[in-house]
Protein chains: 2
Amino acid sequence: MQIIPDELDRRMALFEKTLKEAGVKITHQRLEIFREVASSLNHPDAETLFRNVRKKLPTISLDTVYRALWLMVDLGLLTTLGASRDRTRFDANMESHHHFVCSVCGMTHDFYDAGFDRLPVPEKVMEIGKAESVQVRIKGICMRCMRKKEAH
Amino acid sequence: MQIIPDELDRRMALFEKTLKEAGVKITHQRLEIFREVASSLNHPDAETLFRNVRKKLPTISLDTVYRALWLMVDLGLLTTLGASRDRTRFDANMESHHHFVCSVCGMTHDFYDAGFDRLPVPEKVMEIGKAESVQVRIKGICMRCMRKKEAH
DNA sequence: TCCTAATTAGGAACTATTATTATTTAAAAA
DNA sequence: TTTTTAAATAATAATAGTTCCTAATTAGGA
């Protein structure tokens, strides 16, 4: 799946601007890695990106791909899907509930909300597949991490 | 964090009923592993459960813990948090968007919905932490997996 | 109690990711 | 443009989480 060229140009421009402002080097490797993620409409993993980038830069290493990707996540150019960077966690609470996830420490906190339980599934989603459950995930900073931050 | 005893009893009863109906054996190991997840209010990982169960069953192996947990997920007694069972995936789409996740093949599909973008954060969530973004995740079966299923 | 297929323990193997180190390079300064 | 140097890279070793393999054990029906 490929993105429209205009949007890719916009993303590439933002990439250069962001790296310059952060004072990190714009390397050939980082450029090609970002171009690869940014032009994809699905959500590729590091291995897939590595294979594709290697067509242009045959000597690139997987480690470089990982370092570049996490750098871009830190700079706010990319996000990750799922819990990531963390091990699998199990939950015996099968009632409908929602999650608050701390973006600093990764802590996940359940909460209940009757309104969220009844969110209507948008029509266009029905074209993607048959919905079975709707869950809201709120990302933010938990109290403990906020206090730690203030103490600094 | 511990759950109230009544709720634990309810979960244990459901556990026995579900395993019997599925025709799988109710082993001492599976019982203790499930009791451990079911009595926890946070979301423990396999390693943590392993350490706790080992206090009662000193010879249990980590592999048994994993096998038991995934079995319970398959039987609908547990869920996992995050993408799990999958490697990290990266996304260059930083606009507000939401996800449809196929519970069969794991495919994640973006969609946009102005209503979802403006969901109000419930008051009680503010006690947990400072919210930064709200994202809706719809779980279901994608068209491709549905067709495959029908073809059977 | 006996029987047998299902399950387990223990350790090896596998897979995704990160660390180490010598070499190379981007970009600021001359 | 060339020089300089801290930052970044390639290659490979190491680590962490999870799964596989096999002989021994066990749940639960006969």
Side-chain angles (χ1 to χ4, degrees), chain A residues 15-37 43-75 77-78 80-90 106, chain B residues 15-37 43-75 77-78 80-90 106:
Chain A
F15 167 80
E16 297 215 15
K17 179 167 167 285
T18 306
L19 263 68
K20 250 174 212 156
E21 280 176 7
V24 299
K25 292 180 181 172
I26 298 175
T27 65
H28 200 179
Q29 290 86 335
R30 285 175 177 166
L31 252 168
E32 291 307 327
I33 291 164
F34 184 74
R35 191 198 310 285
E36 197 59 40
V37 211
H43 309 95
D45 54 58
E47 185 74 33
T48 304
L49 293 166
F50 172 60
R51 277 199 306 274
N52 289 336
V53 171
R54 200 154 52 165
K55 289 173 194 164
K56 289 183 181 172
L57 306 175
T59 69
I60 201 169
S61 77
L62 182 57
D63 177 50
T64 299
V65 175
Y66 273 107
R67 266 184 296 100
L69 288 170
W70 288 122
L71 171 76
M72 293 166 200
V73 170
D74 288 345
L75 293 178
L77 288 164
L78 302 179
T80 57
L81 300 195
S84 88
R85 249 202 259 229
D86 199 19
R87 53 191 88 171
T88 309
R89 292 171 170 280
F90 297 86
Chain B
F15 168 79
E16 298 215 14
K17 180 167 167 284
T18 307
L19 264 67
K20 251 173 210 157
E21 281 175 6
V24 298
K25 292 180 178 170
I26 298 174
T27 65
H28 199 179
Q29 290 85 336
R30 284 174 178 165
L31 252 167
E32 292 307 327
I33 292 163
F34 184 75
R35 191 198 311 285
E36 197 60 41
V37 211
H43 308 96
D45 54 59
E47 185 75 32
T48 304
L49 294 166
F50 173 60
R51 278 199 306 274
N52 289 336
V53 171
R54 200 153 53 165
K55 290 172 192 163
K56 290 183 182 172
L57 306 176
T59 68
I60 201 168
S61 76
L62 182 57
D63 180 48
T64 299
V65 175
Y66 273 107
R67 265 185 295 103
L69 289 170
W70 288 121
L71 171 75
M72 294 165 199
V73 170
D74 287 346
L75 293 177
L77 289 164
L78 302 178
T80 57
L81 300 194
S84 87
R85 246 201 262 229
D86 200 17
R87 53 191 88 170
T88 308
R89 292 171 169 278
F90 297 86

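Here is the naming used below: chain letters follow the sequence lines, and residue numbers restart at 1 for every chain. For the numbers below, each heavy atom of this structure counts, side chains included, while hydrogens, waters and symmetry mates do not.
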B/Leu57 CG to C/dT7 P, in whole Å, measures 17 Å

Between B/Leu57 and B/His28, the two heavy atoms sitting closest are CD2-CE1, 3.6 Å

dist B/His43:NE2 -> A/Phe90:CZ (nearest 0.5 Å) comes out at 12.5 Å

In this structure, OG1 of B/Thr88 is separated from CG of A/Asp45 (nearest 0.5 Å) by 8.5 Å

Expected string for nucleotides 25-30 of chain C under the B/S/- scheme (protein heavy atoms, under 4.0 Å, primed atoms plus P, OP1, OP2 as sugar-phosphate) is -BS---

Taken to the nearest whole Å, CG/A/Leu19 to P/D/dA7 is 15 Å

Rounded to the nearest 0.5 Å, the CG atom of A/Leu69 sits from the OG1 atom of A/Thr64 at a distance of 10.5 Å

To the nearest angstrom, the CZ-P distance between A/Phe50 and C/dT18 comes to 15 Å

With sequence neighbours left out, the residues meeting salt bridge (charged side-chain N to carboxylate O under 4.0 Å, His left out) with A/Lys55 are none

Distance col, row A/Lys17:NZ vs A/Ile26:CD1, nearest 0.5 angstrom, shows 12.0 Å

Separation of C/dT18 atom P from A/Trp70 atom CH2, nearest Å, is 6 Å

Rounded to whole Å, the CG-P distance (A/Leu71 to D/dA7) equals 13 Å

Sorted by chain and number, sequence neighbours left out, ring pair (Phe, Tyr, Trp, His ring centres under 6.0 Å) with A/Phe50 holds for none

Whole-Å distance, B/Arg30 CZ to D/dT26 P, equals 15 Å

Rounded to whole Å, CG of A/Leu62 lies from C1' of C/dA19 at a distance of 13 Å

Protein-nucleotides 10-13 of chain C N/O pairs under 3.5 Å:
{"unit_1": "C/dG10", "atom_1": "OP2", "unit_2": "B/Thr59", "atom_2": "O", "d": "2.8"}
{"unit_1": "C/dG10", "atom_1": "O6", "unit_2": "B/Asp63", "atom_2": "OD2", "d": "3.3"}

In whole angstroms, the gap separating P of C/dT7 from CG of B/Leu75 amounts to 10 Å

Sorted by chain and residue number, the salt bridge (charged side-chain N to carboxylate O under 4.0 Å, His left out) partners of B/Lys56 (sequence neighbours excluded) come out as B/Glu32

Residues at least two apart in sequence or cross-chain that pass salt bridge (charged side-chain N to carboxylate O under 4.0 Å, His left out) with A/Arg30, listed by chain then number, are none

